[in-house]
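Each remark here refers to the structure printed beneath this line.
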Amino acid sequence: MKPFLLIIIYLGAVTLPLILSAVVGGPPREWHQELASGLGILAFSMILMEFILSGRFKVISNGVGMDVTMRFHQIMARTALVFALVHPFLYQGTPSGGIRPWDPTRQLTLSTDVSALLSGIGAFVLLPSLVLLAIGRTQLDYKYETWRLMHGVGAFLIALLLLHHTVFGGRYGAEPVMSWVWLVMTVIAVGSLLMVYLLVPLRQKAHPWRVNSVVQLTQKQWELTVTPEGHRGLDYKAGQFVWLNVGHSPFSMKENPFSISSAPAARPKLSFMIKELGDFTRTIGQIKAGTVAYLDGPYGNLSVEGRTEPGVALIAGGVGLSPLLGILRQMRLTGDSRKVKVIYGNRVIDQIACRDELDEEDVVYVLSEPPETWRVETGVIDGGLINRVFSEEEFREWIFVMCGPAIMMDVVEDQLVKRGTPGHRILSERFQYD
């Protein structure tokens, strides 16, 4: 019900300016002119809603999943871009200029005010640049912090340009009621941006953490543990994640999302399983105990808390083991009696982390490049392996939780659906921030 409600709220917020414009607007014009205005109105309202979708509001992301929220954010950004780029060309043939004898109030005439048009042209150029830079972020290979700052500043400028263009250059936006509607919506959108870039860092600064230890698990995987300083710590569910900032000011934007690998029952300490991949993670082994850290979270809905299924299947690829470790550890610390099966895939044997702990469970290891002495599963986690590990009853009744490469989760999800596992018993989260 919650995802359905969120969709209704989103649709209501996006279409509200369009509906109000139709109510307070003047006499109808040619269909292509009305379509042009309608697409422009929808584009602006969708762009303002993008601020909310990317604002890490837990009431949204924890209800449907952060990955779903961000994917929706990406799709709607592309849709708004299409609407915005198409809308000015549909005005072709629309009268413009000064007062006409048949239109003394200029309700059927477009503004040719240079400032109003320039702000629209500025947004017209900036919006596709912002979207394309986001889509090509990994290919351009610039730092996440740089992209995030550019994305935030660019979105802020686009909102201001579109507000000016809509109110001073648009037929409907010039109506007093609509001017106030657009102003309020823009203030809310920009306010959500300020919350992420200002209020959240201020809250983090008042609740610092300290690095307790950094332990090497495998050649390129580490366990970083932090403890709260001067506060009680974090309330979270096993399987959730936080944005972690280590050794930098909370205003620096040098933060990355990491799943919590420790159990809530082991609080106040938090542990993270981190693999050397990017700029920050490649230096994880150099972090000293006592280094200040800041957390923003928890986020995510990869949790089995409160579920009633008789068994839990944990399927991990590589460092995707981290949130599943948190779930497994919580179940053991709380005496959870549900059956558990673990499938854990890696490329080579040296990448298997926490093996002593996992060996105590019903675990299946999978290696794509096994040594000659390997006598367990080889290859990748695929439909055939899933069929061998789980029974018909388990497919129908258990809950399946997975984290790892997107291609692995796609294959596993497809197989589970084929075997009759209900969709609400398949939990996964995918992350691609653009």
Side-chain angles (χ1 to χ4, degrees), residues 2-3 6 53 56 58 60-75 236-243 256-261 272-275 277 297-309 311-331 338 340-346 353 358 361 363-364 366 380-387 389-390 394-434:
K2 188 169 184 178
L6 291 173
L53 291 174
R56 301 186 195 170
K58 296 175 186 176
I60 300 175
S61 60
N62 288 359
V64 297
M66 179 68 83
D67 58 331
V68 175
T69 304
M70 295 310 298
R71 187 56 185 159
F72 189 72
H73 168 79
Q74 295 161 6
I75 293 173
Y236 68 99
K237 297 178 182 178
Q240 291 189 299
F241 71 95
V242 301
W243 291 81
N256 297 274
F258 293 110
S259 295
I260 305 171
S261 60
F272 306 92
M273 181 178 170
I274 300 174
K275 184 177 181 178
L277 290 172
Y299 297 100
N301 62 351
L302 203 68
S303 172
V304 300
E305 184 176 309
R307 307 289 300 227
T308 59
E309 289 85 358
V312 179
L314 304 175
I315 304 172
V319 75
L321 178 67
S322 183
L324 308 191
L325 267 180
I327 293 173
L328 183 63
R329 288 167 172 171
Q330 178 70 1
M331 294 180 69
R338 285 176 291 181
V340 177
K341 286 186 179 180
V342 181
I343 298 179
Y344 181 24
N346 284 286
L358 293 174
E361 309 297 331
V363 60
V364 175
V366 187
V380 296
I381 300 175
D382 56 17
L385 174 62
I386 298 298
N387 286 338
V389 174
F390 301 103
E394 290 166 347
F395 278 122
R396 292 193 307 269
E397 298 181 359
W398 281 30
I399 183 170
F400 290 77
V401 189
M402 67 191 78
C403 188
I407 188 171
M408 179 208 82
M409 292 192 288
D410 289 339
V411 169
V412 173
E413 284 185 352
D414 289 344
Q415 186 62 26
L416 292 176
V417 171
K418 289 179 182 178
R419 297 305 302 268
T421 305
H424 66 275
R425 292 195 178 126
I426 302 174
L427 302 183
S428 64
E429 285 188 325
R430 293 167 170 80
F431 297 97
Q432 184 175 350
Y433 290 92
D434 65 51

Can you give me the closest heavy-atom contact between Ser303 and Lys237, atom names plus distance? OG-CB, 3.7 Å
Check whether Arg329 reaches the backbone of Ser261 with its side chain - one donor and one acceptor, N or O, closer than 3.5 Å. yes
Hey, what do you get for CZ (Phe395) to CG (Asn387), rounding to the nearest 0.5 Å? 5.0 Å
Shortest non-hydrogen separation from Ala313 to Trp398 and the atoms involved: N-CE3, 3.9 Å
Val242 versus Ile260: any side-chain heavy-atom pair under 4.5 Å? yes
Any donor and acceptor pair, going by atom type alone, linking the side chain of Gln240 with main-chain N or O of Gly300 inside 3.5 Å? yes
For Glu361, all residues meeting side-chain hydrogen bond (donor to acceptor under 3.5 Å, both in side chains), sequence neighbours excluded: Arg332
Please name the pair of heavy atoms, one in Met408 and one in Ala316, separated by the smallest distance, quoted to 0.1 Å. SD-C, 4.1 Å
What closest approach, in Å, do Glu413 and Ser428 show between heavy atoms, and which atom pair accounts for it? OE2-OG, 2.6 Å
Evaluate the side-chain proximity of Ile343 to Phe400: yes if any heavy-atom separation is below 4.5 Å, no if none is. no
What distance do Leu314 atom CG and Leu328 atom CG have between them, rounded to the nearest 0.5 Å? 6.0 Å
Could you check whether any side-chain N or O of Tyr299 sits under 3.5 Å from a backbone N or O of Trp243, counting only pairs where one atom can act as donor and the other as acceptor? no
If I compare all heavy atoms of Leu358 with all of Val363, which pair ends up nearest, and what's the gap? O-CG1, 3.4 Å
Test side-chain contact (heavy atoms from CB on, under 4.5 Å) applied to Val411 and Ile386, step by step: CA-CA 10 Å; Val411 169; Ile386 298 298; over 6 Å; no
Does the Lys341 side chain pair with the main chain of Val389, one donor and one acceptor, at a distance under 3.5 Å? yes
Stepwise side-chain contact (heavy atoms from CB on, under 4.5 Å) test for Met402 and Ile426: CA-CA 8 Å; Met402 67 191 78; Ile426 302 174; 3.8 Å; yes
So how far is it from Leu321 CG to Tyr344 OH, rounded to the nearest 0.5 Å? 4.5 Å
Could you tell me whether the side chain of Val401 reaches within less than 4.5 Å of the side chain of Arg307, counting heavy atoms only? no
Just by distance, do the side chain of Ser259 and the backbone of Ser322 share a donor-acceptor pair under 3.5 Å? no
Partner residues of Arg338 under the side-chain hydrogen bond (donor to acceptor under 3.5 Å, both in side chains) criterion, sequence neighbours left out: Asp336
About how many Å separate CD of Glu397 and CZ of Arg425, when rounded to the nearest 0.5 Å? 7.0 Å
Nearest heavy-atom pair of Gly404 and Met409: which atoms, and what distance? O-CE, 3.3 Å
Asp382: what forms a side-chain hydrogen bond (donor to acceptor under 3.5 Å, both in side chains) with it, not counting sequence neighbours? none
Go through it in stages, so that I can follow the logic: the residues are Val364 and Leu385, the test is side-chain contact (heavy atoms from CB on, under 4.5 Å), and I'd like the CA-CA distance, side-chain angles, deciding distance and then a yes or no. CA-CA 10 Å; Val364 175; Leu385 174 62; 4.3 Å; yes
Measuring only between side-chain heavy atoms, which start at C-beta, is Thr69 closer than 4.5 Å to His73? no
